[in-house]
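A short worksheet on the structure shown next.
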Amino acid sequence: SDEISFYLGKKMGWSVQVIPSAIMTAVCAGAYMQHLVTTPFLSTHNQPGMPFYRYANISNYQQTFDNSLIHELLDWKPELTVWETIDHIVEDFEKEQLKTRRS
C-alpha cells in the first residue's frame, strides 16, 4: 500500500513518488501489448518468473482479505506488526551496508 511505501521510504531516507493510477494503467496496458506481440516470436514465454505486465499491475491492488480466521484456526498471531517488521528489515539492511563499506 502507499502507506507502507511512504513509511519504508521515510525509514530509508528516500523520496517516494506516487505514480497516478491512470499512468500505471497505461504502462500495464502497453507492457501487456508488448508481451502479446513479442512472446509468440521469442523464447521468453519459457523463462521462469512473472512477465513485466503482471508485475507492474500489482500496484493496482491492495490487500483486502482478513487474516483473523487463520489466526483463530491456528491459534497464532504475528509477534511483530508490519511497521515493526519494516523497522527490523531496515536496521538489518543498514548493518549490512556498513559491513560492505568496511570491507
Listed pairs under 3.5 Å, donor-acceptor, residues 86-98 side chains, sequence neighbours left out:
| residue | atom | partner | partner atom | Å |
| --- | --- | --- | --- | --- |
| Asp87 | OD1 | Tyr7 | OH | 2.7 |
| Asp87 | OD1 | Lys11 | NZ | 3.4 |
| Asp87 | OD2 | Tyr7 | OH | 3.3 |
| Glu91 | OE2 | Lys95 | NZ | 3.4 |
| Glu96 | OE2 | Lys99 | NZ | 3.4 |

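- Taking the side chain to side chain donor-acceptor pair (under 3.5 Å) definition, one finds that Thr100 meets it with nothing, sequence neighbours left out.
- Within the structure, the salt bridge (Lys or Arg N to Asp or Glu O under 4.0 Å) test picks out no pair touching residues 23-33 (sequence neighbours left out).
- Residues Val27 and Ile19 fall within the same hydrophobic cluster, defined by Ile, Leu, Val, Met, Phe, Trp and Tyr side chains chained together at heavy-atom separations under 4.5 Å.
- Separation of atoms CG (Asp75) and CD1 (Ile70) is listed at 11.5 Å; rounding is to 0.5 Å.
- With sequence neighbours left out, Gln34 forms a side chain to side chain donor-acceptor pair (under 3.5 Å) with no residue at all.
- Applying the side chain to side chain donor-acceptor pair (under 3.5 Å) test to Glu72 and every residue at least two apart in sequence or in another chain returns nothing.
- Listed by first and then second residue, the ring pair (Phe, Tyr, Trp, His ring centres under 6.0 Å) pairs involving residues 8-34 are Tyr32-Tyr53 (not counting sequence neighbours).
- A donor-acceptor contact closer than 3.5 angstrom is absent between the side chains of Glu3 and Ser5.
- The structure places SG of Cys28 at 12.5 Å from CE of Met33, a figure rounded to the nearest 0.5 Å.
- A 4.5 Å side-chain heavy-atom check between His71 and Pro78 finds at least one atom pair inside the cut-off.
- Contact detail for Val16 and Phe6: the closest heavy-atom pair is O-CE2, 3.7 Å.
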